[in-house]
Amino acid sequence: MANDRIAYRTCPLCEAGCGLEITLTRSDDGAEHVKRIRGDRDDVFSGGYICPKGSTLGHLHDDPDRLRRPVVKRDGEFVEVDWDEAFATIEAGLLPITRDHGADACAIYLGNPSAHSLGPLLYNRSLITALGTSNRFSASTVDQRPKEISAAMMFGSVTVPVPDIDRTDFLLMLGANPYASNGSLCTAPDFPGRLERLRERGGTVVVVDPRRSETAEHADRHLAIRPGGDAHLLAAIAHVLLADGLADPGRLAAHTNDLDALAEVLEPFGPEAVADACGLDAGVIRSLAHDLATAPAAAVYGRIGTCTQEFGTLASWLVDVVNLLTGNLDRIGGAMFTKGAAGQPSTKGAPGTGRGFRMGRVVSRAAQRPESLGEFPVTALPEEIETPGEGQVRALVTVGGNPVSSNPNSERLDAALASLEFMVSIDPYVNETTRHADVILPPPSALEKSHYDLALLNFGVRNVANYSPAVVAAPDDQPEEWEILLRLAAVVSGAGLAADIDAIDDGIAAAVVRAAVRDEHGSVHDRDPDELLAAVAHRRGPERLLDVMLRTGPYGDGFGADPEGLSLDVLEANPHGIDLGPLEPDRIPDLLRTPTGRIEALPDAMRTDLDRLAASLDRRSPDLVLVGRRHVRSNNSWMHNVRVLMKGRNRCTMHVHPDDADRLGLRDGAPATVRSRVGEVTIDVEVTDGIRPGVVSIPHGFGQQLPGVELRVAQEYRGVNTNVLTDEQFVDPVSGNIALNGVPVEIAPA
Ligand SMILES: Nc1nc2c(c(=O)[nH]1)N[C@H]1C(S)=C(S)[C@@H](COP(=O)(O)OP(=O)(O)OC[C@H]3O[C@@H](n4cnc5c(=O)[nH]c(N)nc54)[C@H](O)[C@@H]3O)O[C@H]1N2
Ligand SMILES: Nc1nc2c(c(=O)[nH]1)N[C@H]1C(S)=C(S)[C@@H](COP(=O)(O)OP(=O)(O)OC[C@H]3O[C@@H](n4cnc5c(=O)[nH]c(N)nc54)[C@H](O)[C@@H]3O)O[C@H]1N2
Ligand code: SF4
Ligand SMILES: [Mo]
């Protein structure tokens, strides 16, 4: 149609990063509307794949409940104000608190969408620096922190190996359900299709999950593990590899410390010893170890189920120990390392060495939880707010997060947030969390923002770079998300309402360029910073920073050094992305950033924590434990306001095995009351043999019915928040990460 226009845009909703083809049409009043969204068949990575969420970016954009202007709370009600008034309200409300009680009195919480949006990815740091607070929290500690820590301990920086699913012969997948999630810490658009092709070429997929998930349904084998048993299982696999003479790290033996020590520390974890703890037969474990060792190429991949549990860091570490022992680390078809085009710690500085990784340098004031990667675990947040004294958290800034829904013991956190003296949220919705805010600053919609998956492309199953400009222009008075962050940073640092955002941004760009020029091993070492800045002077904000990062990155043009190299100009000319090829083998030792220049196969923290694992071998398991699940039509807590995704039967149900239903007197479709140490919910039962006896499963992200929430569609549907049940005291002590899976519960008919 004459009024139609097509735009290409990477979907920002989950980690798969699918390319979208968006058809827009102009109505008579001149406004543009999304007419259709489908998969971009020419996208170099996703090749036309799309899931039901991807086609709803237009619905999110048009959602009448999405905030278009800032709101401030007056007499308990939110009222719309202009941006100047919103920032003035923040200045008047927040500055006295940090002036009187110090910087730590204001905490910050960064949520999941801030890892999917270029503004927060590049400018959150400026806000954090301006706040100067040590009370920094993020959704990473209800998610992947154990994996980040284990990788950093082994390889010296947060460089997480990804399974080479396109070329492997054998995939052992634990605690992941990519048929629903489309993958995580493994960027693979159309993950299900890739698994199907793996099997079509004769490969094997084994899924370890207490539930017969959609992914397990499509696998060759499903092992219904006892929740929290992954570290036991993996330790036993490593034990068998070592005991049966199957361990052969190959080339990497020469680049690894403490390989010899593994046999001794894993000695207590033979298959028979762990069988009860992980609920799997010793013979099955032994043959799995043999299958992994004898497959031409094999990869072990663990995700949410292996991280958000009691032994999260051990399980995450053991995933890579098994990859290492079977000779599959850093090898085609094994667990490999992505090379992000915008650069990452493992491609900066001196190849093969670095300062390594430290954590726990400080603990949080009240809950005494360890710092890692500059943050405290969110399990500490309620206590930091509730506990009086110096350093008490009295104010909070959230950026793209909904902790009242996503964090454990949400009723306690909810009450804690209600007690804050001041709260600011950068968020498009009034939801369970932001209803406590004094000021909400709405970002532009996804269609109004440019995009580059700065974080997730570092975990790609191929090396890919893909930039999308904004699809539609935002209203004139809508600042970009990075501008909101910088202006908020200026206000909280006391620079005032009139601070020159562009001048601050110039300073940030200059700092990025100076760091690149200082890198002796980089492509622009010793060049004149002013010359480089002049070359990107036509850009501002995230585009300027991204251009510098791409040009100085591993594929970059080095500002002229390699005229064939990448720059943002090149990406702009290639709207379907640039494929930089399959993952490269043999990147070790160059990518290591450990002080020894070697892989640390047995980090001290893991050696110590194995004692805790050994102690768990003969304890009695609880009768009933809770785990989580995801559905392809929802995205954590915040897409339940999209009606097309909500249609159909109630998805917020509790899966219960028939044996447990009989024993407890529960009926399919009837409500049950579930109690944990911290809370209680009433939820409809779904009886299914697709779950291990003794385990029940409830999805997270539901329960928008709280007073003050302004999500009209979501509130029409039933649902409860499972994090009313999860327990902030039930953690992986190494990382402080929450254990959302394996929570002991009691259940009775309601
Ligand atoms: N549709 C959709 N996609 C999403 C999201 C979403 O909410 N909806 N969220 C995104 C986010 S933020 C993330 S982090 C990823 C997560 O992506 P995944 O890691 O694939 O997460 P899930 O789909 O929850 O699958 C986790 C599986 O672990 C199982 N499990 C629970 N406890 C244990 C255990 O102790 N051991 C083992 N082995 N398994 C266990 C559960 O039964 C479940 O099937 O998904 C992303 N993609
Ligand atoms: N029981 C249980 N709990 C879980 C999980 C589980 O498996 N089980 N999974 C955990 C995981 S993996 C994660 S990642 C966390 C997520 O935890 P959170 O990040 O705290 O929660 P989300 O539900 O992702 O909320 C996202 C918020 O960002 C807002 N938002 C959406 N788009 C944008 C944007 O472009 N900019 C800004 N500024 N805001 C935006 C939304 O309105 C919403 O308020 O939940 C965790 N909680
Ligand atoms: S799988 Fe769906 S939500 Fe995830 S990036 Fe692709 S289209 Fe978007
Ligand atoms: Mo996540």
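Indexing begins at 1, ligand by ligand and atom by atom, following the structure's order. Everything quoted here is computed from the prediction, not taken from an experiment. All residue numbers refer to positions in the sequence shown, counting from 1.
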Under 4.0 Å between a side-chain nitrogen and a carboxylate oxygen: does that hold for [X] and [Y]?
X	Y	answer
E375	R136	no
D291	R221	yes
D166	R197	no

Mind checking whether [X] has an N or O less than 3.5 Å away from an N or O of ligand 1?
X	answer
N177	yes
E15	no
R633	no
G175	yes
R303	no
S213	no
V208	yes
G228	yes
N636	yes
A180	yes

Can you name the side-chain contact (heavy atoms from CB on, under 4.5 Å) partners of S410, sequence neighbours left out?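 In terms of side-chain contact (heavy atoms from CB on, under 4.5 Å), with neighbours along the sequence ignored, S410 is linked to N721, N723, V724.
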
Examine [X] together with [Y] and report whether their ring centres are nearer than 6.0 Å.
X	Y	value
F269	H232	no
H640	F702	yes
H451	Y467	no

At a non-hydrogen distance cut-off of under 4.0 Å, which region of N741 contacts ligand 1 (side chain, backbone, both, or neither)?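 N741 to ligand 1: side-chain contact only, backbone stays beyond 4.0 Å.
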
Side chain or backbone of N635 under 4.0 Å from ligand 1, or both, or neither, by non-hydrogen atoms?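 N635 to ligand 1: contacts from backbone and side chain alike.
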
Just the protein N/O/S atoms under 2.8 Å from atom 4 (Fe) of ligand 3, please, no waters.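 N, O, S partners closer than 2.8 Å: C14 SG.
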
Identity of the nearest option to atom 8 (N) of ligand 1, non-hydrogen atoms only, from S634, G183, A115: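 Checking each option, the heavy atom nearest atom 8 (N) of ligand 1 is found in S634.
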
